[in-house]
Structure formats: structure tokens, C-alpha cells
Amino acid sequence: KVLILMTAVVVGITCFSVLQSYNGWDTVYYIGNMESALETNRFFFYDGFAGTKLEFLNLHEALSMFYVHFIVMGRIFHVNARIMGFYGMRALCVLLAAMIVYCFGRRLFRGDEKKAAYLVMAWLTFGFLEMVLHATSFFMFVRGYEAKGFAANVVIPAVLYDSLGLIQD
């Protein structure tokens, strides 16, 4: 029953995240860059704001390669980059983060699934209640399509989880 409740909480929070309508300048820039790359088959060739040809390669964006996931997922599933970035990547960020916290809980509580499920629900609840502009939960729930959201909520916890496993082994 606890696992079913945890699944319902994760699905509910994921739906909340997907339904957010945050449209900042960075939203237009990141998703606009990926849309232009998908339409033109050229990465980082056109400006996401204006649609004009760039005079230089923006290494800050090009070397991260995070936003190329929009393109790959869009190509695989035949989905527009705006839809994949704005909705799909947000959902993926929440789901992956919840999975990592669940794995953390299983390792922390020596395989006890109920305690791990309670940890996930508590973490999501506190994140939901703590959602202020620059909190990691804000980046997960609202701006999960950005590399910052994935780094703070998926990559860093995954590295910590692996480090904990290495220490325990």
C-alpha cells in the first residue's frame, strides 16, 4: 500500500511539474535553440531568440550537450522539440530524481522498501512546500528542461548515491 501511495504522489507531482507554465527568457532561448536545431539539422547554428545565423559558436552551450537530448528524444519519438523540452524533459527530471531518492532510501534503510517510499514522499512534499525561485525543487518542478535542474536533482544525487555505494562496498 505504501508503494502504491508513493507512486500516486510521484505521478501527481510529475503532473504538477508538467502543467507549469513558466515562460522566461531562458525558456525561449533554450527551447528555441533546440527547435531551430531540429528544424535545420544544425546544432548551435541559429540564435534561439531571433532565428538569425550565429556569428560564432557558443561553446558554453555546445560543450554541455545537455540540450541535444531534446533533439534526440524528439527524433526518436517524432515529437516537436518544444513539446519534448517543455513537457517531456520536466517529467523525466522528476521521475529520475524520485528514482534516485528511492534507491538512496533502499540503501540507507538496508532494503526496506516502505521506509524508502516514505523518504521519497517526504522529499517530494518538502520540495513542493519549499518551492522558491532559486531552490533546487523549483528547478526540478518548473524548469526541469534546463541543465541546472538536472544537475541539481539528478546528476549530483546520482553521484552521491554511487559514492555511498563505493564507500559501503
Side-chain angles (χ1 to χ4, degrees), residues 1-24 26-28 30-35 38 64-169:
K1 293 180 181 182
V2 175
L3 293 176
I4 293 170
L5 179 61
M6 179 200 66
T7 302
V9 169
V10 169
V11 168
I13 293 291
T14 303
C15 290
F16 168 80
S17 174
V18 167
L19 294 174
Q20 295 305 302
S21 60
Y22 175 81
N23 287 311
D26 50 349
T27 308
V28 175
Y30 297 137
I31 294 178
N33 278 342
M34 294 307 101
E35 181 66 21
L38 186 61
S64 79
M65 293 306 286
F66 172 77
Y67 300 103
V68 175
H69 291 104
F70 289 42
I71 304 300
V72 173
M73 299 296 278
R75 289 279 185 195
I76 290 171
F77 296 111
H78 302 287
V79 176
N80 185 291
R82 289 180 295 241
I83 302 299
M84 183 57 67
F86 206 63
Y87 301 110
M89 297 302 280
R90 278 187 192 167
L92 189 62
C93 183
V94 173
L95 293 173
L96 287 174
M99 287 179 204
I100 291 167
V101 170
Y102 181 76
C103 290
F104 241 118
R106 294 263 327 245
R107 181 164 283 174
L108 189 66
F109 300 119
R110 303 192 193 293
D112 189 339
E113 292 180 351
K114 286 184 178 180
K115 288 182 181 176
Y118 284 127
L119 178 66
V120 171
M121 291 186 287
W123 170 74
L124 285 172
T125 302
F126 289 136
F128 184 76
L129 295 174
E130 178 228 11
M131 206 168 59
V132 294
L133 187 59
H134 294 292
T136 58
S137 59
F138 180 80
F139 278 96
M140 177 175 62
F141 296 143
V142 179
R143 297 169 70 176
Y145 53 84
E146 293 185 25
K148 294 179 279 268
F150 263 78
N153 294 291
V154 176
V155 176
I156 293 172
V159 169
L160 292 173
Y161 172 74
D162 284 341
S163 300
L164 179 64
L166 289 171
I167 290 169
Q168 286 180 342
D169 294 341

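Model, not experiment: these values are computed from the prediction. Along the sequence shown, the residues carry numbers beginning at 1. All heavy atoms count here, side chains included; hydrogens, waters and symmetry mates do not.
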Show me, pair by pair, the donor-acceptor contacts under 3.5 angstrom made by side chains of residues 116-128, not counting sequence neighbours?
{"from": "Thr125", "atom 1": "OG1", "to": "Met121", "atom 2": "O", "distance (Å)": "2.7"}

Query - Counterpart residues, ring pair (Phe, Tyr, Trp, His ring centres under 6.0 Å), relative to Tyr161 (two or more places apart) - result: Phe104
Query raised in the report: Of all residues at least two apart in sequence or in a different chain, which pass the ring pair (Phe, Tyr, Trp, His ring centres under 6.0 Å) check with Tyr87?
Result: none
Report summary line: Those residues at least two apart in sequence (or on a different chain) that pass side-chain hydrogen bond (donor to acceptor under 3.5 Å, both in side chains) with Gln20 are none
Query raised in the report: In chain order, what residues pass the side-chain hydrogen bond (donor to acceptor under 3.5 Å, both in side chains) check against Lys114, with sequence neighbours excluded?
Result: none
Report task. Identify the heavy atoms of Ile100 and Ala158 that sit nearest to each other, and give their distance. Result -> CD1-CB, 3.8 Å
Report task. Please name the pair of heavy atoms, one in Pro157 and one in Ala151, separated by the smallest distance, quoted to 0.1 Å. Result ->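 Looking at all heavy atoms of both residues, the closest pair is CD-O, 4.2 Å.
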Report task. First locate atom SG of Cys93, then atom CZ of Arg143, and finally report the distance between them rounded to the nearest 0.5 Å. Result ->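 Spacing of SG (Cys93) from CZ (Arg143) equals 12.0 Å.
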**Report entry** CZ on Phe150 to CG on Leu96, rounded to 0.5 Å
**Finding:**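 Separation between the atoms: 5.5 Å.
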Query raised in the report: Does a sphere of radius 6.0 Å around CG in Leu19 hold more than 12 heavy atoms from other residues, nucleotides or ligands, not counting ones at 6.0 Å or beyond?
Result: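 Yes, enclosed.
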**Report entry** Positive for side-chain contact (heavy atoms from CB on, under 4.5 Å) with Leu160, one of Leu164, Ile156, Asp162
**Finding:**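 One option only clears the test, and that one is Ile156.
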Query - Pair listing, salt bridge (charged side-chain N to carboxylate O under 4.0 Å, His left out) test, anchored in residues 87-111, at least two apart - result: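 Counting only pairs at least two positions apart or across chains, the salt bridge (charged side-chain N to carboxylate O under 4.0 Å, His left out) contacts touching residues 87-111 are Arg106-Glu113.
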Query raised in the report: Less than 4.5 Å apart, any side-chain heavy atom of Val94 and any of Phe16?
Result: no
Query raised in the report: Under 3.5 Å, side chain of Ser17 to main-chain N/O of Ile13, donor-acceptor pair present?
Result: no
Query raised in the report: Any donor and acceptor pair, going by atom type alone, linking the side chain of Asn153 with main-chain N or O of Thr136 inside 3.5 Å?
Result: yes
